[in-house]
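Notes for the one structure printed next.
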Amino acid sequence: MKSYFLEGLPDRSAAESALCALLPGQTDPWLLLAGPGDPVAYFHSRSSSDEEDLLGPFLVQADVSGRHWDRVDAVLRVLRNIRSEVGGAIRNDDGELLS
């Protein structure tokens, strides 16, 4: 599994509203589906912890299914759309900042 983080979000409710608009009819976790019952990624809204090397206070975490590693662009598109609404920075689980 590969994870991506939209971090440094000042307002958790704004991020959740953006997720609901992009992935309607869902709540935590929000699923990006390849087809019925076939999730590409799971999106979670959460608070960052002091132990993590992530910008806080809130973030959206996207966990990409191992079956869909080739659909990362679709996952990043969702995170970029949320970022355009609420700000923040996108980072992968290797700590790299992404544009």
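On a predicted model such as this, the values are computed, not experimentally measured, just so you know. No hydrogens, no waters, no symmetry mates; every other heavy atom, side chains included, goes into these values. Numbers for residues simply follow the sequence, beginning at 1.
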Open item on the list: What I want to find out is whether R67 reaches D38 closely enough, with some N-O distance under 4.0 Å, to be called a salt bridge.
Closed with: yes
Task: Separation between CZ of R71 and CG of L32, rounded to the nearest 0.5 Å - done: 7.0 Å
Open item on the list: Please identify which of these residues, L22, V75, D28, meets the side-chain contact (heavy atoms from CB on, under 4.5 Å) condition with F43.
Closed with: V75
Task: In one Ile/Leu/Val/Met/Phe/Trp/Tyr side-chain cluster, 4.5 Å: V78, L76 - done: yes
Task: Backbone N/O of L31 and side chain of Q26: donor-acceptor pair under 3.5 Å - done: yes
Open item on the list: Can you give me the closest heavy-atom contact between D11 and S13, atom names plus distance?
Closed with: OD1-OG, 2.8 Å
Open item on the list: Quick one, D93 and F5 - any side-chain contact, counting heavy atoms below 4.5 Å?
Closed with: yes
TODO: Following the transitive rule for hydrophobic clusters with a side-chain heavy-atom cut-off under 4.5 Å over Ile, Leu, Val, Met, Phe, Trp and Tyr, establish whether Y42 and L19 coincide in one cluster.
DONE: no
Task: Exam field: side chain D94 to backbone E96, donor-acceptor pair closer than 3.5 Å - done: no
Open item on the list: Any salt bridge linking R80 with D73? Criterion: basic side-chain nitrogen under 4.0 Å from a carboxylate oxygen.
Closed with: no
TODO: State yes or no: do V64 and L98 share one hydrophobic cluster built from I, L, V, M, F, W and Y residues joined by side-chain heavy-atom distances below 4.5 Å, directly or via other members?
DONE: yes
- [ ] Determine the minimum heavy-atom distance between L9 and G87, stating which atoms define it.
- [x] CD2-O, 3.3 Å
Open item on the list: So, taking the atom named NZ in K2 and the one named CG in D63, what distance separates them when rounded to the nearest 0.5 Å?
Closed with: 11.5 Å
- [ ] Mind listing the closest non-hydrogen atom pair of P39 and S65 along with its distance?
- [x] O-CB, 3.5 Å
Open item on the list: Restricting to non-hydrogen atoms, name the atom on Q61 and the atom on S3 that form the minimum distance, rounded to 0.1 Å.
Closed with: NE2-OG, 3.9 Å
Task: same_hphob_cluster(V40, I82) at 4.5 Å side-chain heavy-atom cutoff - done: yes
Open item on the list: Minimum heavy-atom separation for A15 and V60, please, with both atom names.
Closed with: CB-CG2, 4.0 Å
Task: Shared hydrophobic cluster for F58 and V86 (ILVMFWY, side-chain gaps under 4.5 Å) - done: yes
Open item on the list: Tell me the closest heavy-atom pair linking L59 and S48, and the distance in Å.
Closed with: CD2-CB, 3.5 Å
Open item on the list: Looking at S45, is its backbone amide N or carbonyl O close enough to the side chain of R12 to form a donor-acceptor pair, meaning the two atoms are under 3.5 Å apart?
Closed with: yes
Open item on the list: Does N81 form a side-chain contact (heavy atoms from CB on, under 4.5 Å) with R77? I'd like the steps, not just the answer.
Closed with: CA-CA 6 Å; N81 284 333; R77 192 169 26 258; 4.2 Å; yes
